[in-house]
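Here the structure is laid out as structure tokens; the discussion comes afterwards.
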Amino acid sequence: MPLDYRYDSSLKAVVTTVTGTLQEEEVLTHLRKLRDDEEVPAGIIEIVDFSSADDFAIRVSAAGRIAFVVPELRERKNYRGTVFFAPSDLAFGMARVFQTLLEQLSIENEIYREWDELQAFVTRRLEEEQA
């Protein structure tokens, strides 16, 4: 599966890595697995790394199905938002599509094209939580 995740307790985030061609059914399966994963604590953010993605085979029609699952994830896991790492133009374009959908669902999200900027965001977030 070109979409895999792990919970990183040091980041207090789920880190999701996308490789190869991402299909819409894989996005839905991922969201459901994350929603139901008892190992993942409540109050998470998700860092989605698109740097190894080759292509995206996701239709606009998938937005409705994704929009149905994300609120379930938010409710069950207190899902706080998504941070996309999208260094290529293709990845950035797909991250913008997801960003628009998440904004309509009132889910906070960010997109970073530079790894250093993403790391700075995570560091600030962790510092704010500790304060």
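Keep in mind that what you see is a predicted model, and the values were worked out from it rather than measured. Residues take their numbers from the sequence shown, with the count starting at 1.
Side-chain contact between Asp36 and Lys77 is absent, with no heavy atoms from C-beta onward closer than 4.5 Å. For the pair Arg124 and Phe121, the minimum side-chain heavy-atom distance is below 4.5 Å. Taking the side chain as every heavy atom from C-beta outward, Pro71 and Leu105 approach each other to under 4.5 Å.
By the criterion of side-chain heavy atoms lying less than 4.5 angstrom apart, applied directly or through intervening Ile, Leu, Val, Met, Phe, Trp or Tyr residues, Val15 is grouped together with Phe85 in one hydrophobic cluster. Connection of Val48 to Val70 is established within a shared hydrophobic cluster, with ILVMFWY side chains joined at heavy-atom distances below 4.5 Å, either directly or through further cluster members. Under a hydrophobic clustering in which Ile, Leu, Val, Met, Phe, Trp and Tyr are joined whenever their side-chain heavy atoms come within less than 4.5 Å, directly or via other members, Leu102 and Leu73 fall into the same cluster. Using a 4.5 Å cut-off between side-chain heavy atoms of Ile, Leu, Val, Met, Phe, Trp and Tyr, with links allowed through other members, Val83 and Tyr79 fall into different hydrophobic clusters. Under the 4.5 Å side-chain heavy-atom criterion for ILVMFWY residues, a single connected hydrophobic cluster contains both Leu3 and Val40.
Interatomic distance, Ile45 CD1 to Asn78 CG, rounded to the nearest 0.5 Å: 12.5 Å. Residue Phe50 holds its CZ atom at 11.0 Å from OG1 of Thr17, rounded to the nearest 0.5 Å. Between the CG atom of Leu118 and the CD1 atom of Ile111 there is a distance of 12.0 Å, given to the nearest 0.5 Å. Atom OG1 of residue Thr123 and atom CD of residue Glu128 lie 11.0 Å apart, to the nearest 0.5 angstrom. The line from CG of Leu34 to OG1 of Thr16 is 6.5 Å long, rounded to the nearest 0.5 Å. Atoms CD1 and CG, on Ile58 and Leu22 in that order, are 4.0 Å from each other to the nearest 0.5 Å.
Smallest separation of non-hydrogen atoms from Leu11 and Leu126: O-CD2, 3.5 Å. What you find for Arg65 and Glu24 is that their closest heavy atoms are NH2-OE2, 2.6 Å. For the residue pair Ala57 and Gln23, the shortest heavy atom distance occurs at CB-OE1, 3.6 Å. Nearest heavy-atom pair across Thr21 and Pro2 is O-CG, 3.4 Å. For the pair Lys12 and Tyr7, the tightest heavy-atom approach, listed with the atom from each and the gap, is CA-OH, 3.6 Å.
Classified by interplanar angle (parallel below 30°, tilted 30° to 60°, perpendicular above 60°), the ring pair His30/Tyr5 is perpendicular.
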What side-chain donor-acceptor pairs closer than 3.5 Å can you find for residues 94-101, not counting sequence neighbours?
residue, atom, partner, partner atom, Å
Arg96, NH1, Gln99, OE1, 2.2
Gln99, NE2, Asn109, OD1, 3.1
Thr100, OG1, Arg96, O, 3.0

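The existence of a salt bridge linking Arg32 and Glu25 is confirmed by a sub-4.0 Å separation between a basic side-chain nitrogen and an acidic carboxylate oxygen.
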Quick one, Arg125 with Arg80, criterion side-chain contact (heavy atoms from CB on, under 4.5 Å). Give me CA distance, side-chain angles, the key distance, then yes/no. CA-CA 12 Å; Arg125 185 181 151 277; Arg80 294 176 43 206; 4.0 Å; yes
Tell me, with the steps shown, if Arg6 and Asp4 meet salt bridge (charged side-chain N to carboxylate O under 4.0 Å, His left out). CA-CA 7 Å; Arg6 64 181 169 76; Asp4 192 31; over 6 Å; no
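Annotation: Glu117, atom CD; neighbour count of heavy atoms from other residues, nucleotides and ligands within 6.0 Å is above 12.
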